[in-house]
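Right, one structure below, let's go through it.
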Protein chains: 2
Amino acid sequence: MSTPARGAASGRQLPHPLPAEIRLEAVLHALADPIRLRIARELADGHVDMACIAFDLPVSKSTSTHHFKVLREAGVIRQHYVGTSRMSRLREEDLEAIFPGLLPAVLEGARRSPEAPDRA
Amino acid sequence: MSTPARGAASGRQLPHPLPAEIRLEAVLHALADPIRLRIARELADGHVDMACIAFDLPVSKSTSTHHFKVLREAGVIRQHYVGTSRMSRLREEDLEAIFPGLLPAVLEGARRSPEAPDRA
DNA sequence: CTCGTAGTTTGACAATCGCCGTACTACGAT
DNA sequence: ATCGTAGTACGGCGATTGTCAAACTACGAG
C-alpha cells in the first residue's frame, strides 16, 4: 500500500553523534568552511530552528545537503524532519559541555570577520 | 669572526601575517589537523619557544616543515631562527585580541580529547 | 675547509573536499 | 491517485591536502 505505516510524521531518521563521540578535529574542520561557518552563524543569530531552504546559500541543493551533513556528523547541529522539511538547530548545549567556550568564540569571530575577504 | 655580517643570528626571515590578515577559517583549518593541533597543544603546555626537532612527530621532516608552515601562515604561531634551529611560539596574545577565547577553548578541548581516537 | 645537523624545496602520489547535475525518495495537498 | 515540493544518493570532476623521498641550503663545530 502507499502509506507504509512505518514512518509517521518523523519517518526519516538522521544519525547524530553522541556527545562522547564528538571530536574536536571534526568540529573545527566542519566550521573551517566558509559556507558551513555561515550556516552556523545564521543558526546562532536568533533562529532556533531553520529549514535548509531558509538559507540563501550560493550553492546547489546537493552541495547544501552535503554541508548540512558534515555539520551534523561533526556534532555541530541537530536535525529532524517536519514534513518534507528538515529543521536544523545548533547543538549549543552539547558543545558547551564538551568544549566550553569554543562555539561562542567561533561565532563571535565569525561575526567580526567580514564573511569572507573576497575569494574571486 | 667567520660569519659574515649579512645574516647575524636571524639570517633567514619568515613571512608572518599581520593581525589584521588573520582569517578565522584559516585558523580553524590549521587547528583541524591532528598533528597541527598536537603541535599547538605542546607549544601551549609550558614550552614557550620550541625547535621543530623538539617535537616527536610521527611524520617525516618535510611533512613537519609543511605543518609548521600552515600554522605560521594561518597566524597561529610565530617562528624565528636561532642558529639552524627554528623556534616556534604560539601567537597567543594576537589571537586573543582578534578571536577572544578561541585559542584557550581549542587548547582546553585538545587536552580533554584523547589525542586521537585511534585511526589505525 | 670539512663535516654533521636542522630545516627547505621540489616533485610526486593517493586521499579528501567542494562542487555540480541527474535521478531518486518522502511527504503534503489536491 | 497524481502532482509539486524538499531533500537524498550517486557518480563525476577539478582543486586542495597530507604524505613521503631526494636533493638542496644554512649554520656551527672541529
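Quick caveat, the model's predicted, so the values are computed rather than measured. What's counted below: heavy atoms across the whole structure, side chains too, no hydrogens, waters or symmetry copies.
The nearest whole Å value for the distance from the CG atom in B/Asp33 to the C1' atom in D/dT16 is 13 Å. Separating the CE atom of B/Met87 from the C1' atom of C/dG7 is a distance of 13 Å, rounded to the nearest angstrom. The separation between B/Phe68 atom CZ and C/dA6 atom C1' is 12 Å, rounded to whole Å. Across the protein-nucleic acid pair, A/Lys69 atom NZ and C/dC17 atom C1' stand 13 Å apart, rounded to whole Å. Distance A/Lys61 NZ to C/dG21 C1': 11 Å, rounded to the nearest Å.
Under a 4.0 Å N-O distance rule, the pair A/Arg38/A/Asp33 does not qualify as a salt bridge.
With hydrogens and angles ignored, no donor-acceptor pair under 3.5 angstrom links the side chain of A/Thr84 to the base of D/dG7.
For the pair B/Phe55 and B/Leu43, the minimum side-chain heavy-atom distance is below 4.5 Å.
Look at A/His67 and you'll find a side-chain N or O under 4.0 angstrom from OP1 or OP2 of C/dC19. Checking the phosphate oxygens (OP1, OP2) of D/dG18, no side-chain nitrogen or oxygen of B/Thr63 falls inside 4.0 Å. Residue B/Ser60 places at least one side-chain N or O closer than 4.0 Å to OP1 or OP2 of D/dC20.
Residue A/Ala51 places its side chain closer to D/dG7 than to any other of D/dG7, C/dG21, D/dT19. Closest approach to the B/His66 side chain among D/dG7, D/dC10, D/dG18 is made by D/dG18 (side chain taken as heavy atoms from C-beta onward).
A donor-acceptor pair under 3.5 Å links the side-chain atoms of A/Arg36 to the main chain of A/Ala30, judged by distance alone.
Here B/Ser85 lies in heavy-atom contact (under 4.0 Å) with sugar-phosphate atoms only.
In the model, A/Thr65 has no side-chain atom that pairs as donor or acceptor with a side-chain atom of A/Ser62 under 3.5 Å.
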